[in-house]
Amino acid sequence: MRSAADPLIDDLNEEQREAVSAPAGPLLVLAGAGSGKTRVLTRRLAYLIREGADPMGLMAITFTNKAAREMTERVEPLLGARSHGMWVHTFHSACARLLRREITRFGYTTRFTILDADDQRAAARESLRELQLDEKRFAPAAVVGRISRAKQDLRTPEQERAAAKDPWSQKCAAVYERYQSKLERANSLDFDDLIVLGVRLLEDPEAGAPYREQFRHVLVDEYQDTNHAQYRLVRALVAAHRSITAVGDEDQSIYRFRGADVGNILRFEEDFPDARVVRLERNYRSTQAILDASGSVIGHNDRRYPKRLWTDRGRGSAVVLYQAADAGDEAVWVARQIRALRPEVEGFGDFAVLYRTRAQSRALEEALLGAGIPYVVVGDLRFYDRKEVKDALAYLRLVSNPMDWACFRRAVAAPRRGVGEATLAALAEHMAQTGESLPSALEHAGDIPGAGRAAAPLAAFAKLLEELRALAAGEGGQPAEVAEVVLAVLDRSGLYAELRAEGTEEARTRYENLGELVNVARQNGPQVGSGLEGLAQFLEQAALIADADQVPSGEGAVVCLTLHAAKGLEFPCVFLTGLEEGLFPHSRSLEDAEGIAEERRLCYVGMTRAKRRLFLSHARQRAQYGGGAIPGYPSRFLDEIDPAALEVQSSRREAGTSGMWTARAGRTPSAPAQARSGVPTRPLPGPDAAGALDLRAGDRVSHHRWGEGVVVEGASGANGEVTVDFPAAGRRVLVLGLARLQRV
DNA sequence: TGATTGCATATTTTT
DNA sequence: TATGCAATCA
């Protein structure tokens with residue numbers, strides 16, 4: 001069948017070929033880090049089309065817009081115009097696209113808006129207030145997380161209520177209910193709703209049928225990161241033709257907190273018993289030294305397909321471990337290394353500095369700035385998250401979707417126009433009582449009790465909105481380009497005028513940001529079209545942009561980013577910082593074994609971003625919020641690397657003497673000797689350390705954080721729970737397999 | 001109604 | 001440290 005010279009296949013290795021040219025049907029590609037995953041995915045798309053598949057019948061799903069764009073761009077040169085018509089989307093944008101056509105059956109209009117994280121929190125906060133729940137006890141962010149989790153598991157408010165056992169959960173279910181009806185009334189969806197409704201559509205016997213029929217082949221990237229709702233979506237999509245290519249790596253599943261279930265990829269062969277499985281273990285990215293180090297870390301996880309990555313690129317330089325005095329020292333060291341290595345690479349863009357939490361970026365920024373090294377921080381403040389941009393977008397969203405209460409609130413107060421809290425409350429109350437819609441209520445705001453005083457400004461505002469809407473819709477003329485509408489909003493809302501009047505440097509920047517928004521609209525104009533449809537399209541794009549989509553490339557600047565944002569990227573030189581217990585693995589994930597397994601995968605992801613040089617670092621002391629310093633103990637992940645493979649460097653400086661990070665006198669706790677002297681070898685016993693897995697009452701043990709203590713209640717086995725009295729920390733219950741207790 | 005001030009509080013990761 | 005929120009005043 002295959003011709004002698006086949007450009008889609010010839011330059012691939014044997015496993016890659018097998019994956020690309022597998023016949024239609026269920027296929028699982030276990031693609032190790034750096035094994036040419038994207039290449040396989042794009043070639044397979046091209047291959048299927050070449051073998052006769054209709055592009056309209058191909059659906060490729062990724063997690064980021066960037067990945068989707070990359071895929072489209074890489075298929076194009078292989079096939080030219082023949083590739084047009086494929087559906088290459090993120091989960092969210094694919095659903096949004098389907099819903100723009102079908103959402104009316106769920107009671108929304110086609111110009112629904114998509115809420116961002118802030119809007120979600122605001123809606124949750126309002127719901128909490130209405131239910132008179134204390135925001136201290138019910139943090140809006142936590143409640144949103146809870147709601148989000150329910151939706152990811154496809155649970156409705158009613159189901160959530162029925163399943164709630166404790167009072168807290170019951171209250172959350174009530175908030176969920178209210179939150180949901182609030183969104184529905186505002187004709188808006190949150191991120192999770194996009195997927196939830198996508199599933200409802202595709203699983204519907206009638207409404208879903210045409211789509212189940214249309215998509216003859218479905219390709220899913222990063223399958224290990226799918227949550228339950230996404231899994232169901234995929235299952236529904238492939239229900240008719242059963243041709244699915246799932247590509248992923250269970251070792252790189254890092255979105256459990258977002259509902260991702262590694263089980264989805266691990267169960268693939270149960271779901272599709274006739275599945276073909278291809279393993280890509282040849283690595284084209286890193287040196288053997290880097291693969292060995294990362295491989296031995298991830299080897300400490302179970303629940304994985306055993307595999308061993310290999311390369312023929314040679315050993316390369318040893319992985320370097322730096323033991324810093326504190327965060328400042330660590331950052332300065334990173335900057336120095338970058339300076340020293342600069343001649344060996346093409347530009348500063350060849351360096352990446354990774355960290356677990358965003359807060360860590362500050363010290364690094366200071367050091368890079370001080371060293372005169374250009375850098376960018378990924379996800380620092382998204383363009384679309386800037387206040388002035390959000391204000392402008394609020395107007396646009398309101399023009400597109402007049403029922404969007406959250407946007408109304410925002411827009412009506414930017415700039416201030418004499419409509420305050422009291423008026424808004426009266427308006428909300430009126431709408432809740434009468435069930436009247438927002439646009440309708442605005443028409444006769446003067447009659448609403450409590451809102452009378454603001455009648456004039458409200459009427460003026462309603463008139464402004466109506467004018468903007470008429471302009472966009474092109475009533476009496478041509479439908480307006482999106483950029484035109486944006487400009488009109490900036491001019492007529494007073495946003496431009498307000499900033500111009502202010503005259504400060506900051507106002508100028510904001511003014512320029514708004515100008516940039518016009519530019520973006522102008523650039524995207526051809527893609528999104530004009531009129532109200534084009535506007536809705538434009539807003540959807542803006543809402544679904546993610547941090548990871550904005551990683552700058554080839555700009556000659558060091559890239560600073562979280563480990564999560566680094567997934568899917570590669571750099572010649574990588575610094576992985578803050579390898580300390582409690583920070584990485586993070587304390588919030590220490591409670592259960594699966595949490596730690598996920599942190600370990602995150603560590604693996606970070607290490608495998610490196611092509612040639614990998615630098616690890618930890619600090620003996622790290623400043624917490626607001627000044628105080630706490631001792632930092634080397635991460636257990638460092639123990640999991642063969643010490644002989646590490647080149648250890650240690651700061652001789654005492655902790656807390658580096659510039660701004662100076663610790664307050666007397667606050668410096670005395671760390672145990674091993675933490676002071678560093679960790680060339682294993683300073684702490686691993687989870688399997690002999691003797692510490694079987695403890696009885698009366699045994700004396702030592703804990704890395706709380707020092708010595710006496711066992712009150714014994715236990716044995718890795719899952720055993722012991723109760724220990726620590727003079728320093730009181731009585732604690734610890735899981736033997738996790739606590740790394742040492743017998744004294 | 002809207003701006004200012006002072007205090008409390010938080011920090012994991014994000015489509 | 002930096003941000004956001006609530007109380008307070010103009």
Side-chain angles (χ1 to χ4, degrees), chain A residues 61-68 89-96 114-118 120-122 125 135-136 139-142 144-145 148-149 151-152 189-196 198 222 225-227 229-230 253-260 327 354-363 366 378-379 381-382 385 387 412-425 451 453-454 457 540 543-550 561-567 578 582-591 595 598-599 601-603 605-606 622-628 660-661:
Chain A
I61 310 178
T62 63
F63 272 85
T64 65
N65 293 293
K66 185 160 169 268
H89 287 284
T90 64
F91 271 103
H92 298 271
S93 68
C95 288
I114 300 170
L115 264 52
D116 68 18
D118 279 344
Q120 280 184 279
R121 244 172 286 132
R125 185 172 292 123
E135 283 176 47
K136 298 268 157 53
V144 167
S148 178
R149 173 51 65 90
K151 292 185 179 182
Q152 283 155 9
L189 311 186
D190 61 23
F191 290 126
D192 301 305
D193 285 335
L194 289 167
I195 313 289
V196 171
E222 312 275 19
D225 279 327
T226 48
N227 61 35
Q230 290 163 334
S253 172
I254 56 172
Y255 283 112
R256 193 173 77 117
F257 69 92
R258 206 168 71 190
L354 312 187
Y355 38 81
R356 178 70 239 270
T357 67
R358 296 215 131 141
Q360 289 168 256
S361 74
R362 191 158 304 134
E366 302 263 357
V378 174
L381 179 57
R382 284 168 63 233
D385 283 341
K387 181 190 172 300
V412 82
R416 302 273 170 200
R417 46 167 62 82
V419 178
E421 254 338 289
T423 309
L424 289 172
R453 194 139 65 96
E540 177 184 313
L544 295 180
I545 291 221
D547 286 344
D549 296 324
Q550 312 208 307
L561 70 182
T562 63
L563 284 151
H564 284 88
K567 193 170 76 154
L583 183 61
F584 191 22
H586 196 273
S587 52
R588 295 285 292 263
S589 53
L590 248 41
E591 280 139 35
E598 173 126 327
E599 295 282 307
R601 291 192 288 264
L602 202 47
C603 184
V605 166
R622 193 169 288 270
Q624 270 205 325
Y625 56 92
M660 39 164 301
W661 290 94

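The chains referred to below are lettered A, B, ... by the order of the sequence lines, with proteins before strands, and numbering in each begins at 1. What you see is a predicted model; the values in this text were computed from it and never measured.
- When all heavy atoms of A:L602 and A:H564 are compared, the closest pair comes out as CD2-CE1, 3.5 Å.
- Heavy atoms only, all atoms of each residue included: A:R149 and A:R256 are closest at NH2-O, 3.1 Å.
- For the pair A:D190 CG and B:dT14 P, the computed distance is 18 Å after rounding to whole Å.
- For A:R416, whose side chain is taken as the heavy atoms from C-beta onward, the closest listed nucleotide among B:dT13, B:dT14, B:dA3 is B:dA3.
- In this pair, A:Y255 does not lay its aromatic ring on the base of B:dT13; centres under 5.5 Å and planes under 30 degrees do not both hold.
- The existence of a salt bridge linking A:D225 and A:K567 is confirmed by a sub-4.0 Å separation between a basic side-chain nitrogen and an acidic carboxylate oxygen.
- When the P atom of B:dT15 is taken as reference, atom CD of A:Q120 falls 12 Å away, rounded to whole Å.
- Within 4.0 Å (heavy atoms only), A:R358 reaches sugar-phosphate atoms of the nucleic acid but no base atom.
- Taking atom NZ of A:K387 as the reference point, atom P of C:dA2 lies 21 Å away to the nearest angstrom.
- Within the 4.0 Å cut-off from OP1 or OP2 of B:dT13, not a single side-chain nitrogen or oxygen of A:R356 is found.
- Between the side-chain ring of A:H586 and the base of B:dT12, a stacking contact exists by the 5.5 Å and 30° definition.
- In this structure, A:F63 reaches the sugar-phosphate backbone alone: every heavy-atom distance under 4.0 Å involves primed, P, OP1 or OP2 atoms, never a base.
- Rounded to whole Å, atom P of B:dT15 lies 17 Å from atom CG of A:D193.
- Across all strands shown, A:T357 has heavy atoms under 4.0 Å from sugar-phosphate atoms exclusively, and none from any base.
- For A:F191, the listed nucleotide lying nearest its side chain is B:dT15; candidates were B:dT14, C:dC5, B:dT15.
- Relative to the side chain of A:H92, the nucleotides B:dT15, B:dT11, B:dA3 differ in distance, and B:dT15 lies closest.
- In this entry the distance linking CG of A:L354 with P of B:dT13 reads 14 Å, nearest Å.
- A sub-4.0 Å separation between OP1 or OP2 of B:dT1 and a side-chain N or O of A:T423 is present.
- A residue-by-residue look at A:L602 and A:V419 shows that A:V419 has its nearest nucleotide of DNA chain B further toward the 5' end.
- If you check every strand for non-hydrogen atoms under 4.0 Å, A:R125 touches sugar and phosphate atoms only.
- Atom CD in A:E598 sits roughly 14 Å away from atom P in B:dT13 (whole-Å rounding).
- In this structure, CD in A:Q120 is found 11.5 Å from CD1 in A:I114, a value given to the nearest 0.5 Å.
- Of the side-chain N and O atoms in A:R417, none sit less than 4.0 angstrom from OP1 or OP2 of B:dG2.
- Between the C1' atoms of C:dC5 and B:dT12, the separation comes to 23 Å (whole Å).
- For the atom pair CG of A:D193 and CG of A:L115, the computed distance is 8.5 Å after rounding to the nearest 0.5 Å.
- A straight line from CZ of A:R121 to P of B:dT14 spans 13 Å, rounded to a whole angstrom.
- Here the C1' atom of nucleotide B:dT14 and the CG atom of A:L544 are 13 Å apart, to the nearest Å.
- The pair A:D190-A:K151 meets the salt-bridge criterion, with a side-chain N (NZ, NE, NH1 or NH2) lying under 4.0 Å from an Asp/Glu carboxylate O.
- Among the nucleotides C:dA2, B:dT11, B:dT14, the one closest to any side-chain atom of A:R362 is C:dA2.
- The side chain of A:T562 contributes an N or O atom lying less than 4.0 Å from OP1 or OP2 of B:dT14.
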